[in-house]
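Working notes for the structure below.
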Amino acid sequence: MANVFEQELSKNTVFLDRNALSQSYIPDHLPHREAEIERMMRCLAPALQQKTVNNLFLYGKTGVGKTSCTKHVIEKLLETKQKHNVPVDGVYINCAINNSKYQVMLKVAEYCCPGENLVGFPFAALFEKILNYASSKNSNMVIVLDEIDKVNNLDDLMYALTRANDELKSGHVSIIGITNNALFKDELDPRSKSTLCEEEMVFPPYNASQLQSILEERIRIGFKPGSVDESAINLAAALSAQESGDARYALKLIVKAAEMTDAQGAAKILDKHVVTARKSVEEDIVFDVIKTLPEHQKIVLRAIASLTSEGSKVRRLGEERGELVLFSGEVFEQYEKECRKMEKSPRSARWCREYIRDLEMLGLVTTTLSGKGVRGNTTLIKLTFPPDKVMLALQREN
DNA sequence: CCTCCACAGGAAGCGCAGGAGT
DNA sequence: ACTCCTGCGCTTCCTGTGGAGG
């Protein structure tokens, strides 16, 4: 029975199931992560026999399947629980949203006592609820802490959870910690570190051909048949592989490209759509970065952008290409002017240099040391993006 | 060659906010 | 509730550096 609404809706679009293309969607099959999934399942398997499960620490860049794999494994664990009636539990918690030890405990307690309103309960009471649940059901509880680096006082939380295990005569609590912050592990308290990192896994980035098959799989469910050109997929995969092997980025590219295809009334997503999509995705990222910049860094960036577009005061350097390059001194002068215009007191020149360095770290400008042809020892600054776009992003705020 | 320029970037210190200790 | 401490953002001061210009 055909749904007329859907037919009508899908008339002028390449999309079939947008949901399948969203980043929260978890496919049944996760290509190129079979080994990781198997290893995770092996880690958790002792739980099925009432044995202690080692805590697991997952690390890898964004969009390499850490969360998807974990959710998948937890799902399988709960399926097995249903099927064979074994006392295991899996709780997934996103610590970016629940970023305190209290909120994490609240989530776990809510899982243990469904239907009860526990908000406002003291920490000790939540702790008690969890202990009661685990010991009465003799359950092996697996708690997933996604983006674990966002938890404020993680050491306290880890301490509480280890204490839980000491107090439990039956049942057990174990943790899967997930992060994309490479430095996170070193920042941990040594005790928390040894607790959390009993078992470690690194998720490597996807390469181009892996990304390609991931995309193909999603495209099959997300788009109408034949609406994505083969070489467009290859291009999106290749670009994302360059970008750091991020599958989310690849998906975003394809979705953006699809939107452009729709907007043009075209029937097929082609290379050119991916190319423009990439620009737009990149611009989105730059816009976000600029929007969240501290005030004075914004003003410095504004100074650089206005000098670049003005061109009048800009000296032309670089023999072969004649690129527009700014001197750190004139950037500071312009920055002071901008500050006065906005009636803000300018920071010192020393600090302005730090700001410029920060902007470089964010990839908004590039700097080189002055060599031949320049008097003295100066930093030459070049804006990475077109000045009008930067100005637009700066204007968004306020 | 020396001097000067136009900065780079380290070190010390200052005021403030927020957390720990009592 | 109080002080004390610490970290952070920032200024001020200072020494270092490499090429231009005389």
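Per chain, numbering begins at 1; letters A, B, ... match sequence-line order. As a basis for the values below, the full set of heavy atoms in this structure was taken, side chains included, without hydrogen atoms, waters or symmetry mates.
- Aromatic ring centroids of Y59(A) and F203(A) lie 6.0 Å or more apart.
- Partners of K344(A) by salt bridge (charged side-chain N to carboxylate O under 4.0 Å, His left out), not counting sequence neighbours, listed by chain and number: E295(A).
- Between dC7(B) and S328(A), no contact under 4.0 Å exists linking OP1 or OP2 to a side-chain N or O.
- Panel note: side chain E330(A), backbone F327(A); a donor-acceptor pair is recorded below 3.5 Å.
- To the nearest angstrom, P of dG9(B) lies 17 Å from OH of Y355(A).
- Remark: the R350(A) side chain and the dG10(B) base include a donor-acceptor N/O pair separated by less than 3.5 Å.
- R347(A) comes within contact range of the sugar-phosphate backbone alone, with a heavy-atom separation under 4.0 Å but no base atom that close.
- Chain A approaches DNA chain C within less than 4.0 angstrom (heavy atoms of the protein), and the contacting nucleotides run 5' to 3' from dG9(C) to dG21(C).
- Side-chain contact, N55(A) with S174(A): no donor N or O sits under 3.5 Å from an acceptor N or O.
- Note on P346(A): only backbone sugar-phosphate atoms sit closer than 4.0 angstrom, heavy atoms only; bases stay farther off.
- Across the protein-nucleic acid pair, L369(A) atom CG and dC7(B) atom C1' stand 10 Å apart, rounded to whole Å.
- Rounded to whole Å, atom P of dG10(B) lies 13 Å from atom CG of N377(A).
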Only pairs under 3.5 Å count here: list side-chain donor-acceptor contacts from residues 135-149 of chain A, not counting sequence neighbours, and write none if there are none.
unit_1	atom_1	unit_2	atom_2	d
S135(A)	OG	L131(A)	O	3.1
S135(A)	OG	N132(A)	O	3.4
S136(A)	OG	N132(A)	O	3.0
S136(A)	OG	Y133(A)	O	3.2
N138(A)	OD1	G171(A)	N	3.0
S139(A)	OG	D89(A)	OD2	2.5
N140(A)	ND2	A47(A)	O	3.2
N140(A)	ND2	K51(A)	O	3.3
D146(A)	OD2	T67(A)	OG1	2.7
D146(A)	OD2	Y92(A)	OH	2.5
E147(A)	OE1	K150(A)	NZ	3.0
D149(A)	OD1	T179(A)	OG1	3.1

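- Test V365(A), L307(A), T379(A) against V331(A) for side-chain contact (heavy atoms from CB on, under 4.5 Å) and you get one pass: L307(A).
- At a threshold of 4.0 angstrom between heavy atoms, the contacts of S348(A) include nucleobase atoms, whether or not backbone atoms are also involved.
- Computed from coordinates, the D358(A) CG to dG9(B) C1' distance equals 14 Å when rounded to whole Å.
- Residue-level contact check: F332(A) touches neither bases nor backbone, having no heavy atom under 4.0 Å from any strand.
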